[in-house]
Structures are given as structure tokens and as C-alpha cells.
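Model, not experiment: these values are computed from the prediction.
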Amino acid sequence: MELPSVTRVFGVDFSGARRAGDTIWVAEAAVTTRGLKLVALQPLTQLCGTPDRGPALRHLVAMVLASEHALWGCDFPFGLPLELFPTGTPWPDHFTFLGEWGEEAYACGLECVRRAVERFQRKHIRRATDGEAKAPFDAFHYRMIYQTFYGMRDVIGPLRQTRGTAVLPFQYRKLRTAKRVLVECCPGSVLKREGVPHQNYKQPKGGPLTRKRRLTRHAILDWLGGVIRFDDRFRRVMMRNPGGDAIDAVIAAAGALRAVRAADHRAIATHPRYRHEGHLFV
């Protein structure tokens with residue numbers, strides 16, 4: 001259960017929007033003797049030259065594959081609740097299900113709701129880890145389904161089948177030869193766990209930050225500065241990015257590393273639910 005040596009940590013604040021490249025931010029941090037140091041923070045559009053979802057996500061996959069000695073903390077679900085499938089359905093079958101919907105992510109979410117209502121008389125079912133980590137939404141909530149659909153299908157789907165890549169908690173068997181490890185991390189859950197303000201810091205409509213959002217961001221960055229070093233230029237980027245995506249990418253990187261280091265990986269690997277529907281490392 002030993003993790004490979006990690007010298008680089010990446011955080012991905014994800015989006016499944018048509019122009020996903022504009023709102024997917026990638027943070028890169030170096031693991032040094034003094035702890036984590038932020039070395040890059042950019043929206044995916046700047047990295048690949050286009051905001052269009054298809055090519056942007058293909059570029060993200062290529063970035064992951066080009067990394068070595070790397071940990072990636074990604075802000076989207078890696079699996080769906082067990083209850084949506086027949087008993088004993090393995091994790092790879094989730095990708096078969098998603099692949100049946102073409103580009104109809106919302107319709108896929110409605111099918112998940114239909115199954116939940118049919119079997120449990122309620123519209124939403126949370127994974128075990130969603131409840132434990134106090135995640136804001138279930139994996140197929142209408143505010144999450146595009147992230148879940150495109151993150152699983154177009155990012156985790158191809159990466160899970162590559163040599164040197166281990167997607168946890170599903171592929172612990174690949175850790176021995178892994179060059180890169182991917183885990184799911186929810187920035188909001190990290191903030192909750194650390195007792196840091198987790199609301200009223202995002203302002204996606206843009207414009208000058210309201211006083212409440214400005215103060216909340218200062219509080220978050222004061223805490224964040226204690227777990228990852230960053231200079232004033234990165235502070236300015238995180239303060240000025242309206243949607244809070246830049247902040248979330250850095251939290252995903254720092255939160256994922258801390259959680260992975262502290263985790264009981266043997267217990268996670270043998271958990272009856274995590275190995276089939278995923279685990280949040282927060």
C-alpha cells in the first residue's frame with residue numbers, strides 16, 4: 001500500500017461546461033523540504049489554447065500522462081452510487097453506462113434520478129464518502145452531473161486504462177509501478193474539515209468582489225498560506241478570479257496531498273463501498 005515518491009502535486013478545479021477550459025483551473029505545486037510550494041496556477045484555456053470542452057479535456061489527459069512522481073487531486077466524482085446498479089456491478093461498468101449517453105449528460109442524470117425514485121422513492125442518493133466528507137451534492141445532482149459525466153467519461157475513463165497511472169481507490173494494485181496517482185478531492189469539504197469559511201467566496205457573475213466575499217477569501221488564503229507557500233502574484237490571481245476556481249484548484253492540490261498522506265489506505269482499499277463507488281480524499 002506504499003504510495004510512489006511524489007515530487008509534484010496538481011490540483012484540478014473541474015467543469016463540464018461547453019467552454020470548460022475557461023473554468024477548469026490547474027494548480028501545480030512542488031514538494032520541497034520546506035513543504036508544498038505553488039509554482040503554477042492557470043486556467044486550462046491558457047494551457048491548451050482553446051476553451052472548447054473536447055480538446056481541453058484531451059489536453060488535460062495529456063498533461064496527466066506527461067507527469068511523473070505526481071499526485072493529482074481532482075474536483076469531480078470518480079464513481080456513481082452503488083444503488084444505481086445491480087448488486088455486484090464493478091466500477092468499470094460505470095463507464096459503459098456513461099458511454100451510452102453520447103453528449104446527453106443531463107439526460108444521463110435524469111436516468112440516475114429515475115432509478116433512485118424507482119428503487120428508493122427519493123430523487124437523490126449519496127455515496128458513502130459524500131456523506132462522510134459533507135460534500136455539497138450527490139454525484140448526479142443537476143449541479144454536478146456535467147462534472148461527473150465528463151470528468152469520469154473523458155478524463156478518468158481513458159486514464160484508468162493507461163500504464164503507470166493509478167486511480168484510487170479503484171486501482172491500488174497499480175501503485176507499485178505507478179508514475180502518477182489520481183484521487184478525488186472536494187475543496188469545499190477540505191474547508192469544512194479544517195474549520196475554514198466555505199461559503200460566500202465565489203462570485204461567478206464577476207465584478208468587484210462584495211465585502212463579504214473579499215473578507216472570506218482573505219480568511220481562506222490566510223489558512224491556505226499555512227499549508228502551501230505562494231507569492232503575492234498567486235495571491236492576486238486567487239483574489240481576482242471571480243468564480244473562485246483558482247482558489248479551489250490550490251485547495252484541491254494541498255488537500256489531496258495531506259489526505260493521501262494521512263489515509264489508512266489498506267482500510268480504504270478493502271472498504272465494501274469505496275472500491276466500487278469512490279472515496280473523497282479530503
Side-chain angles (χ1 to χ4, degrees), residues 6-30 36-78 95 98-99 101-105 144-167 178-187 202 204 206 228 230-231 233-234 236-257:
V6 172
T7 61
R8 278 290 190 271
V9 181
F10 297 84
V12 179
D13 184 60
F14 194 76
S15 169
R18 289 185 184 274
R19 294 174 59 87
D22 287 342
T23 47
I24 294 176
W25 279 68
V26 181
E28 179 181 357
L36 272 183
K37 180 181 179 181
L38 187 63
V39 297
L41 180 61
Q42 295 172 281
L44 193 54
T45 294
Q46 288 186 10
L47 296 167
C48 68
T50 176
D52 294 345
R53 182 174 55 216
L57 296 188
R58 288 192 290 272
H59 186 86
L60 179 59
V61 169
M63 288 179 62
V64 175
L65 292 176
S67 66
E68 296 191 0
H69 303 292
L71 173 68
W72 288 78
C74 302
D75 181 20
F76 60 85
F78 288 7
F95 299 92
L98 295 175
W101 292 91
E103 299 305 311
E104 298 297 326
M144 280 295 298
I145 187 58
Y146 287 92
Q147 287 179 239
T148 302
F149 186 88
Y150 287 105
M152 286 185 64
R153 194 194 68 175
D154 292 355
V155 179
I156 298 301
L159 287 172
R160 69 190 172 95
Q161 302 180 79
T162 61
R163 296 181 65 179
T165 304
V167 181
K179 297 178 180 179
R180 63 203 67 90
V181 175
L182 285 88
V183 299
E184 181 183 339
C185 183
C186 172
K202 301 184 180 187
I228 181 171
F230 51 84
D231 58 31
R233 64 190 169 110
F234 289 131
R236 286 193 295 271
V237 170
M238 287 186 276
M239 285 299 297
R240 293 173 180 175
N241 170 237
D245 309 302
I247 291 176
D248 282 349
V250 179
I251 295 172
L257 182 63

Applying side chain to side chain contact (heavy atoms under 4.5 Å, CB included), run through Trp72 and Leu60 and close with a yes or a no. CA-CA 11 Å; Trp72 288 78; Leu60 179 59; 4.2 Å; yes
Could you check whether the rings of Tyr150 and Tyr146 sit parallel, tilted or perpendicular, using 30° and 60° as the cut-offs? parallel
Considering all heavy atoms, the nearest Phe78-Val167 contact: CD2-CG1, 3.7 Å
Distance col, row Ile24:CD1 vs Arg53:CZ, nearest 0.5 angstrom, shows 9.5 Å
Within residues 6-15 or reaching into it, pairs that qualify as side chain to side chain donor-acceptor pair (under 3.5 Å) - sequence neighbours excluded: Arg8-Glu28, Ser15-Thr23
Point-to-point distance, once rounded to the nearest 0.5 Å, from OG of Ser67 to CG of Leu182: 7.5 Å
Please give me the minimum heavy-atom distance between Cys185 and Ala252, naming the atom from each residue. SG-O, 3.8 Å
Any side-chain heavy atom of Thr45 within less than 4.5 Å of one from Thr50? no
Does any N or O in the side chain of Asp248 come within less than 3.5 Å of the main-chain N or O of Ile251, such that one atom is a donor and the other an acceptor? no
Polar side-chain atom of His59 near backbone of Leu44 as donor-acceptor pair, under 3.5 Å: no
To the nearest 0.5 Å, how far apart are CG in Asp75 and CE in Met144? 6.5 Å
Point-to-point distance, once rounded to the nearest 0.5 Å, from CD of Glu184 to CZ of Phe14: 12.0 Å
Cationic tip of Arg153 above Phe95 ring, under 6.0 Å, 45° of axis: no
Between Thr148 and Pro77, what is the shortest heavy-atom contact and its length? OG1-CG, 3.2 Å
Distance in Å, Phe10 CZ paired with Leu257 CG, rounded so as to fall on 0.5 Å steps: 12.5 Å
When you measure from the side chain of Arg58 to the backbone of Val155, do you find a donor-acceptor pair of N or O atoms at a distance under 3.5 Å? no
Write down the atom of Ala256, the atom of Gly73, and the distance for their closest heavy-atom approach. CB-CA, 3.8 Å
Which atoms form the tightest heavy-atom contact between Ala56 and Cys48, and what is the distance? CA-SG, 3.9 Å
Taking Asp52 for its side chain and Gly54 for its backbone only, find out whether a donor-acceptor pair lies under 3.5 Å. no
Taking all non-hydrogen atoms of both residues, which atom of Ala254 and which atom of Leu36 are closest, and how far apart? CA-CD1, 3.9 Å
Quick check for you: to the nearest 0.5 Å, what is the distance between Glu103 atom CD and Phe149 atom CZ? 6.5 Å
Only one of Arg180, Arg160, Lys179 passes side chain to side chain donor-acceptor pair (under 3.5 Å) with Thr165; say which it is. Arg180
What pairs of donor and acceptor atoms, side-chain ones from residues 236-247 against any protein atom, are under 3.5 angstrom apart with sequence neighbours left out?
from, atom 1, to, atom 2, distance (Å)
Asn241, OD1, Gly244, N, 3.3
Asn241, OD1, Asp245, N, 2.7
Asn241, OD1, Ala246, N, 2.9

